[in-house]
Structure formats: structure tokens, C-alpha cells
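Have a look at the structure below, then the notes.
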Number of protein chains: 2
Amino acid sequence: MPREKKYNEEEVIEKAMALFWKNGYRNTSLRMLSKEMGINQFSINASFGNKQKLFLESLKLYRSKLQKLINALKNASNGIESIKDFFYQFAEFANQNNSKNGCLMVNTMSEFGLDVDKKVGIIISNYEEQLRTLFKHNLELNSIKDNQTIERHTNYLVLALSGLALATKIQNEITINDYIETTFQHF
Amino acid sequence: MPREKKYNEEEVIEKAMALFWKNGYRNTSLRMLSKEMGINQFSINASFGNKQKLFLESLKLYRSKLQKLINALKNASNGIESIKDFFYQFAEFANQNNSKNGCLMVNTMSEFGLDVDKKVGIIISNYEEQLRTLFKHNLELNSIKDNQTIERHTNYLVLALSGLALATKIQNEITINDYIETTFQHF
DNA sequence: TACAAAACTAATCAAATGATTAGAAACAAA
DNA sequence: TTTGTTTCTAATCATTTGATTAGTTTTGTA
């Protein structure tokens with residue numbers, strides 16, 4: 001066993017994710033990544049292949065962070081109130097340290113639309129599907145709505161969440177809170 | 001008076017706008033613009049100065065197109081129903097010819113966040129302010145809500161509209177309609 | 001027809017980008 | 001110590017980018 005890597009791949013990918021989150025895919029260059037990650041371009045290639053693959057790993061890491069919020073929703077049983085709590089936690093997550101970075105998933109959707117890379121697209125749709133299932137489940141918990149209404153409300157909540165993510169990039173906290181409160185006043 | 005321009009500036013800026021709308025600012029190169037507009041890079045510079053200024057003119061043109069929808073809302077007097085009509089027209093506008101391009105304003109907000117060019121930012125905030133005023137006015141028309149509630153609902157509708165713009169880039173028509181219907185069921 | 005002013009074409013510039021190369025440095029095993 | 005494998009550094013590659021240049025063409029006026 002010869003020379004060991006100076007860096008920890010988990011650690012450097014955390015920095016890559018932060019940069020992609022802040023700037024988007026196309027506006028993050030390998031030189032910026034190299035500087036931020038503290039390793040040179042060759043090492044990025046050696047560890048991750050290329051920029052696209054590095055982004056994919058960054059998105060996976062981001063997803064795993066989001067998963068913690070989602071798990072809280074999974075274990076909740078308060079119906080619509082649990083979903084509302086999730087919205088507030090999500091808003092805080094999307095604007096941690098007043099970063100105004102929004103959500104990396106939603107940012108990526110917005111940057112690429114339907115022309116997104118296939119593997120990236122799968123991660124995003126898996127995430128959306130998981131959200132949809134959890135929202136639906138919680139909507140069924142404490143209501144007597146018919147299936148069609150539940151389906152409609154589920155669709156609504158999924159879009160409302162991505163709208164919230166977008167909003168955190170530019171709006172102030174009051175507007176954000178107004179938005180969440182009004183969203184859940186309907187139920 | 002010597003040679004006349006071969007092209008009409010109004011016409012070529014329409015094509016530039018379409019390209020920026022589809023691809024965003026950074027992912028639209030001057031060569032793509034040159035090809036689409038049918039004039040070479042030098043002529044783009046001669047007519048508009050540089051890429052940034054061309055984008056600004058494109059955004060102004062986009063804004064003037066949106067203004068037609070807004071004027072319909074201005075002349076309406078049906079309160080919340082008028083706002084709902086506006087949402088449907090906006091959704092159709094953002095997805096005309098099944099383009100999935102969303103809204104150029106919202107796309108720009110998402111691409112640049114708060115780091116947006118100053119002049120571009122002014123156009124966007126003017127637009128948002130106009131929306132806010134019209135929403136507020138229509139909310140006051142047919143309701144007995146207190147001022148605080150109207151303010152909150154106004155904030156809600158502004159964010160709901162940008163969320164709708166984002167959604168049209170990726171979601172199908174059913175989900176979009178569910179979203180609009182549920183949004184206005186609250187009132 | 002000759003001239004002048006503006007618009008045109010095509011080529012080119014410097015800078016930035018993603019990716020790769022050549023060679024030096026590190027280090028466990030023999 | 002020597003060897004072989006791997007990581008590291010720094011330089012470089014070909015493209016693409018926004019912008020500009022040099023020189024040609026067009027066209028109204030004198």
C-alpha cells in the first residue's frame with residue numbers, strides 16, 4: 001500500500017456541494033471547486049471522474065441531508081400539522097445562516113428543466129415521489145376527504161414546497177412565514 | 001444618409017428574448033444569439049452594446065408582453081375570481097406551445113438570486129410591486145378581511161405565482177390545475 | 001461618377017473552461 | 001536501501017466564451 005490520499009472524500013464533497021448549492025452547476029467552475037475543496041483538478045478527477053459525476057455525488061449528499069427532515073415527517077402522526085412543521089423546517093434548511101441559497105434540488109430543476117441529466121433527474125423524481133407519498137399519508141391521517149381531494153391537495157403541497165424553496169432565495173422571513181401560514185390555513 | 005440596417009431591431013430582440021427565456025442568461029452564448037437573431041456578433045454589439053444590455057432589452061420586451069395579462073387584471077373587478085383568471089392565463093403564457101420555459105422573470109430570479117444586475121433587479125421588483133398592488137386591490141374588492149389578513153394573502157399570492165411559474169417548467173397540466181384550484185379554494 | 005458615412009463580414013483577441021499530461025513526491029513492502 | 005505503486009503538483013491542451021478589429025460593401029448626396 002503506497003501513498004495515502006491527503007484528503008477525505010466525504011469532507012471535500014461537502015465543500016463541493018456547498019458551492020454547487022450556492023452557484024448552480026454551470027456557474028461553478030472546476031477551478032472554484034478545486035480552490036474550495038483544497039485539492040487540485042487532477043485529484044477531483046481521480047476521486048470523482050469529472051464535474052458531472054462530482055455534481056451527482058454532491059446532490060446525493062444533499063439528498064441525505066434533506067432525508068433527516070423527511071424522516072422527522074415520516075415518524076410524525078399529526079397529519080396536516082406535521083406537514084406544516086416540515087415546511088418550516090425546510091424553509092430554515094433552505095436559508096441556513098441566511099445563505100439565501102434555496103434548495104439544491106429545486107435550483108437544479110430550475111437550471112435544467114426537463115433537459116436535466118438522466119441520473120440527476122432520477123434523484124430528483126425519487127425525492128419528489130417520497131414527498132408525495134408522505135404528504136398523502138399525512139393528509140389521510142386526520143381528514144375525511146375523498147381520494148380525489150387528497151390527490152389534489154398532495155399535488156398542491158408538492159408544488160407549494162418548491163415554490164417555498166424558490167422564495168427563500170429572495171424573500172424576507174415575514175413574507176415566507178405569511179406564505180406558509182396561508183398555505184396551511186386552507187386545510 | 002448612408003446604408004440602412006438590414007434587420008429590424010424589434011424583430012431580432014424578439015428572437016433574443018425567446019432564446020434567453022429558453023436557456024437562461026449564462027447558458028445563452030453570443031454565438032447562439034447571433035445565429036438565432038440572424039445577425040453577427042458585431043451587429044449585436046452595434047445595436048445593443050453587449051450581452052448584458054441585450055438581455056436587459058429582452059427582459060423589457062418580456063415585461064411588455066406580460067403587461068397585457070396584467071392589464072386584463074387591472075380592468076377586472078371580480079375580486080379573487082379575477083386573480084384566479086390571471087393565474088390561469090399566466091400558466092398558459094408560461095407554457096405556450098408546450099414550451100416548458102416558465103417565466104423569464106422568475107427564471108432570472110432563480111439564476112441570479114439577490115446577486116442580480118441592478119437594472120435587471122429594478123425591472124423585476126417593479127413588476128412584483130405592480131402585481132402586489134393589483135392583488136391587494138382585488139382582495140379588498142370582495143371581502144371583509146382586516147388589513148393584516150389582506151397583507152398576508154397578498155404575500156401569499158405573489159409567492160404562489162412564482163411557484164406556479166417554476167412548476168410550469170416541469171409539471172404536467174393536471175398538477176398545475178390542481179395547484180391553481182387549491183390555491184384559490186382557500187379564499 | 002465620386003465621395004463619405006454607416007453597416008456589413010470574417011477573422012481574431014484574451015480570458016475562462018473542462019479535462020489531461022508529465023514528472024516529482026510519498027510510502028509500504030521486499 | 002531499493003522497488004513499485006499511488007498521489008500529488010504544476011503546466012498545458014483544445015474549446016468556448018464575450019468582445020473587438022480590419023477591411024469590404026452598401027447607399028444617399030453632391
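Since we're looking at a predicted model, the values are computed, not measured. Lettering follows sequence order; numbering is per chain, from 1.
- For the pair H153(A) and K145(A), the tightest heavy-atom approach, listed with the atom from each and the gap, is ND1-NZ, 3.2 Å.
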>> Please evaluate residues L139(A) and Y156(A) with respect to the criterion side-chain contact (heavy atoms from CB on, under 4.5 Å), reporting the C-alpha separation (whole Å), side-chain torsions for both, the decisive distance (0.1 Å), and the verdict.
In response: CA-CA 12 Å; L139(A) 280 172; Y156(A) 171 76; over 6 Å; no
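- For the OP1/OP2 pair of dA10(C) and a distance below 4.0 Å, the side-chain nitrogens and oxygens of N40(B) include no atom meeting the criterion.
- Rounded to an integer number of Å, the gap from K35(A) NZ to dA16(C) C1' is 15 Å.
- Residue Q41(A) contributes atom CD, which lies 17 Å from atom P of dA22(C) at whole-angstrom precision.
- At dG18(D), none of the side-chain N or O atoms of N45(B) fall inside 4.0 Å of OP1 or OP2 (strictly under the cut-off).
- One can place CG of L30(B) at 15 Å from C1' of dT12(C), the figure rounded to the nearest angstrom.
- Using a 4.0 Å heavy-atom distance criterion, S34(A) is classed as making no nucleic acid contact.
- Straight-line distance from the CZ atom of F48(B) to the P atom of dG18(D): 16 Å, rounded to whole Å.
- Atom CD1 of I39(B) is separated from atom P of dC8(C) by 8 Å (rounded to the nearest Å).
- The residue T28(B) sits close only to the backbone: its heavy atoms come under 4.0 Å of sugar-phosphate atoms, none of a base.
- T183(B) contributes a side-chain N or O that, together with a main-chain N or O of Y179(B), makes up a donor-acceptor pair within less than 3.5 Å.
- Regarding contacts with the backbone of dT7(D), every side-chain N or O of Y7(A) stays at 4.0 angstrom or more from both OP1 and OP2.
- What separates CD1 of I44(A) from C1' of dT20(C) is a distance of 13 Å, to the nearest Å.
- The interatomic distance linking M32(A) (CE) with dA15(C) (P) rounds to 19 Å, in whole Å.
- Mapped onto DNA chain D by nearest heavy atom, F42(B) and S29(B) fall at different nucleotides, with S29(B) at the one closer to the 5' end.
- In summary, the aromatic rings of Y62(A) and F93(A) are positioned with their centroids under 6.0 Å apart.
- Taking atom CZ of residue R31(A) and atom C1' of nucleotide dA10(D), one finds them 12 Å apart after rounding to whole Å.
- Looking only at distances, no side-chain donor or acceptor of K136(B) sits under 3.5 Å from a matching main-chain atom of I150(B).
- A residue-by-residue look at G38(B) and Q52(A) shows that G38(B) has its nearest nucleotide of DNA chain C further toward the 5' end.
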